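One structure is given here, and the rest of the page talks about it.
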Amino acid sequence: MSQFTMATDADGVATITWDTPGKSMNVMNMEGFQELDALIDEALADDAVKGVILTSGKEGSFAGGMDLNIIAKMKASAGDNPAKGLFDGVMATHGILRKIERAGMDDKNKGGKPICAALPGTALGIGLEIPLACHHIIAADNPKAKIGLPEIMVGIFPGMGGTTRLSWKLGAMGASPLLLEGKLNDPKKAKAAGVIDEVVAPEELLAKAKEWVLSEPKIVKPWDEKGYKIPGGTPYHPAGFMTFVGASAMVNGNTKGVYPAAKALLSSVYEGMQVPFDTALKIEARWFTNVLMNPSSAAMIRSLFINKEALEKGANRPDVPDQKVKKVGVIGAGMMGAGIALVSAQAGIEVVLIDQKQEAADKGKAYSERYLDKGIARKKTTPEKKEEVLARITATTDYAALAGCDLIVEAVFEDVGVKAAVTKEVLAAVGPECIFATNTSTLPITELAKASDTPEQFIGIHFFSPVEKMMLVEIIKGEKTGDVAVAKALDYVRQIRKTPIVVNDARFFYANRCIIPYINEGIRMVKEGVEPALIENAAKLVGMPLGPLQLTDETSIDLGVKIAKATKAAMGEAYDDTADEVIFWMADEGRLGRKANAGFYSYDDKGKRGLLWDGLGDKFPVADEQPELSEVQHRLLFAQVLEAVRALEEGVLEDIREGDVGAILGWGFAPWSGGPFSWLDILGAERAVELTEALTAQHGERFSTPALLREIAASGGSFYDRFGTGADAKAA
Ligand code: NAD
């Protein structure tokens, strides 16, 4: 079935319409490129055609980007020399886009036909790279549309000419937020940034495009004319030179040198600006190939694009009918309940928000109001939308209001007794079909389910804080949880547009199970006399967003104390209390973290974080001899990764894709690695065994090598060979 079609009108304007069958948004694939290429050839060769409009048949969008599975396929199909396969594939695409750009002009820039991109809305990735090769870009005035090049977010960079065209058009400085941060704009802002040329009323889009095509416009791109000067100057120019000095520092500061794509992008821009345009495209293709061949990029694409999407589409959803939520009851209008009510109402779900006192319930609803007001100030929403969302939330103390709810999310105090009482009260008020979910962060679901007569309808839906920001939701199956409850939870998470993982019930489930040892390892090092700055920087230099001490400050030291006490009570003899002395002492000192304006870090009166607190050294003196950076990093990473492997071994995790995606979205595990299992695969299981053996000898049994890791090392394989889907194994 064709994705591109062409029709020529009586005035000689050929309209090429992109409309991928069966998709809500156009996505480019191999066949699509071939079809576009053929139609461009046909239009350029046909004397009856004066010019071309390239548009989309989808309402509100031009294209969402490239099907990144192509990259995996190109690599896999290129035999012994995947780099050559990739480079040739990318150069072939450059050929098509360059043909659009030259549009039949001769080498004196004579002749040629105008080609205008007419965007009904969203244009991302290749969906903007193609328009950038056209001579004029008009977009419909659609404030919801997003225009930009977000590739950097999944570990690659715009490698189909977007990097070169945008940096030559806007200069390195102007293009930098768009390329290096993947910043997306609505059409008006995209025009203000110089990315597109015109914004028109949606109903006038094609008429305006036609008008432009027939206006005998100048179509030579500035870089194809003699003497073109890139705005801001090339690296030869003193101002241009300074831009690159600053940009290098910025990229290294932001990426800590662990993300290959940002550095490659900058190199591509820097080198490309010193040579003619066609050579610059070739340089871009080389760096792009380099990045695609890097195991980090492949792992990031696999986790952050392919597998994240697969989980969002319900890769592990039981086969039961649609369980879309219509009315949700949120019990407990505290920090979590307020956020859960907000995201549910935003998704169009009717919400009953219950607390013990009306003031508390109202306060929970007021959270949504404040959030939406901020959104109005930032032009992210409108006063009408705000009213619509707020009208969906009923704040009350009356359990009778729960009648008709098909899902309950309980977010009251973390206490088995309180939760059991609430469960019983709720179940007396709702119908027999209603699924009951608890947002507990630590209590076993199987235990909490005992308060219900229908444990098959009881499940854990664990949100992360702040709810409206954090993209992961951990769904936890108790021993008796049934398929309908799992499907309900998954369909709900899909409605609120977050990414789900489904795990089995065990202490701390998956995310907290891995993150707590990371925090403890950092605190343990403080006690050993490791320089706190070394601990924090080691974590950041290996790609963790926050060092373990800063993370403790953010989540609060008293929470750490609470978890330590509860864990000790549950584990008894087996509990290792080495880190406790430090946090118990910090709690006694009143240094409870950010909320107290005092923790492992110092804070000013306004709550701005300053340096590490120097008083820590008085109690826990820094040792004369400090460990190597790599040793600190291995301790911090293996503390998390070994828990992930154990969670898989024990069946808490059933799918390593969930282990990897959940780790990145849930607690920011070094995204460059693609997640804990991808990291082990990049490192190699054999090397991981060596390192864990050395760490065990030096630091104790918590680093002991899991049998599964040993087994994989002995087989010479990898985690994705053994547990991935076929597509996964090929992707990396
Ligand atoms: P919170 O103290 O801010 O809110 C709890 C709310 O529940 C309060 O408003 C309280 O009045 C209300 N409540 C208590 N008993 C009630 C009852 N019988 N009926 C109705 N309302 C009642 O706590 P929180 O941080 O929102 O946490 C709530 C739950 O979410 C806990 O189980 C917690 O472990 C879990 N959780 C918290 C986080 C986090 O970062 N805070 C993250 C994930 C999960």
Side-chain angles (χ1 to χ4, degrees), residues 329-344 351-368 394-402 405 408-430 436-445 447-449 451 458-476 489 493 498 501 503 507-513 515-516 519 546 551-560 562-563 565-567 592-595 662 665-668:
V330 180
I331 321 295
M335 187 165 101
M336 298 304 287
I340 297 166
L342 167 64
V343 297
S344 304
V351 181
V352 178
L353 179 60
I354 289 195
D355 209 300
Q356 287 163 305
K357 297 231 167 69
Q358 187 62 40
E359 301 92 272
D362 290 340
K363 197 171 153 215
K365 181 171 175 177
Y367 181 80
S368 287
T394 306
T396 177
T397 57
D398 182 7
Y399 278 67
L402 295 174
C405 281
I408 298 294
V409 182
E410 169 275 302
V412 301
F413 298 139
E414 189 74 341
D415 179 290
V416 179
V418 176
K419 286 192 189 290
V422 166
T423 307
K424 286 190 191 307
E425 212 170 334
V426 167
L427 291 179
V430 295
F436 190 102
T438 170
N439 179 46
T440 178
S441 31
T442 55
L443 303 170
I445 303 302
E447 191 60 33
L448 295 177
F458 196 102
I459 194 163
I461 301 188
H462 180 209
F463 284 88
F464 295 78
S465 170
V467 176
E468 58 281 4
K469 255 202 200 142
M470 299 296 287
M471 292 313 294
L472 187 73
V473 178
E474 194 172 17
I475 295 172
I476 306 119
V493 173
K498 297 201 182 277
I501 61 170
V503 302
R507 173 156 284 277
F508 297 136
F509 318 130
Y510 174 60
N512 286 340
R513 172 186 186 142
I515 194 71
I516 292 171
I519 289 177
L546 303 184
L551 185 56
T552 312
D553 271 9
E554 296 294 333
T555 51
S556 92
I557 297 215
D558 45 332
L559 179 69
K562 228 167 143 186
I563 293 177
K565 284 185 178 158
T567 315
L592 299 183
R594 173 182 284 286
K595 66 178 182 187
L665 300 187
W667 74 93

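Computation of the quantities below employed the complete heavy-atom set of this structure, encompassing side-chain atoms and omitting hydrogens, waters and symmetry-equivalent molecules. Along the sequence shown, residues are numbered consecutively beginning with 1. Computed from a predicted structure; not experimentally measured. Counting starts at 1 for both ligands and their atoms, in listed order.
- When atom types are taken as modelled, the side chain of K498 and the backbone of M470 share a donor-acceptor pair closer than 3.5 angstrom.
- Sorted by first and then second residue, the pairs that involve residues 416-426 and meet side chain to side chain donor-acceptor pair (under 3.5 Å), not counting sequence neighbours, are E410-K419.
- Across V430, L427, V422, a single residue satisfies side-chain contact (heavy atoms from CB on, under 4.5 Å) together with Y399, and that is V422.
- For E359, there are no side chain to side chain donor-acceptor pair (under 3.5 Å) partners, not counting sequence neighbours.
- Listed by chain and number, G332, A333, G334, M335, M336, D355, Q356, Y399, A411, V412, F413, E414, V418, K419, V422, N439, T440, S441, H462, F463, S465 each place a non-hydrogen atom less than 4.0 angstrom from ligand 1.
- Here D558 pairs with K595 under the salt bridge (charged side-chain N to carboxylate O under 4.0 Å, His left out) rule; sequence neighbours left out.
- V503 is not listed as a side-chain neighbour of I475, based on a closest heavy-atom distance of 4.5 Å or more.
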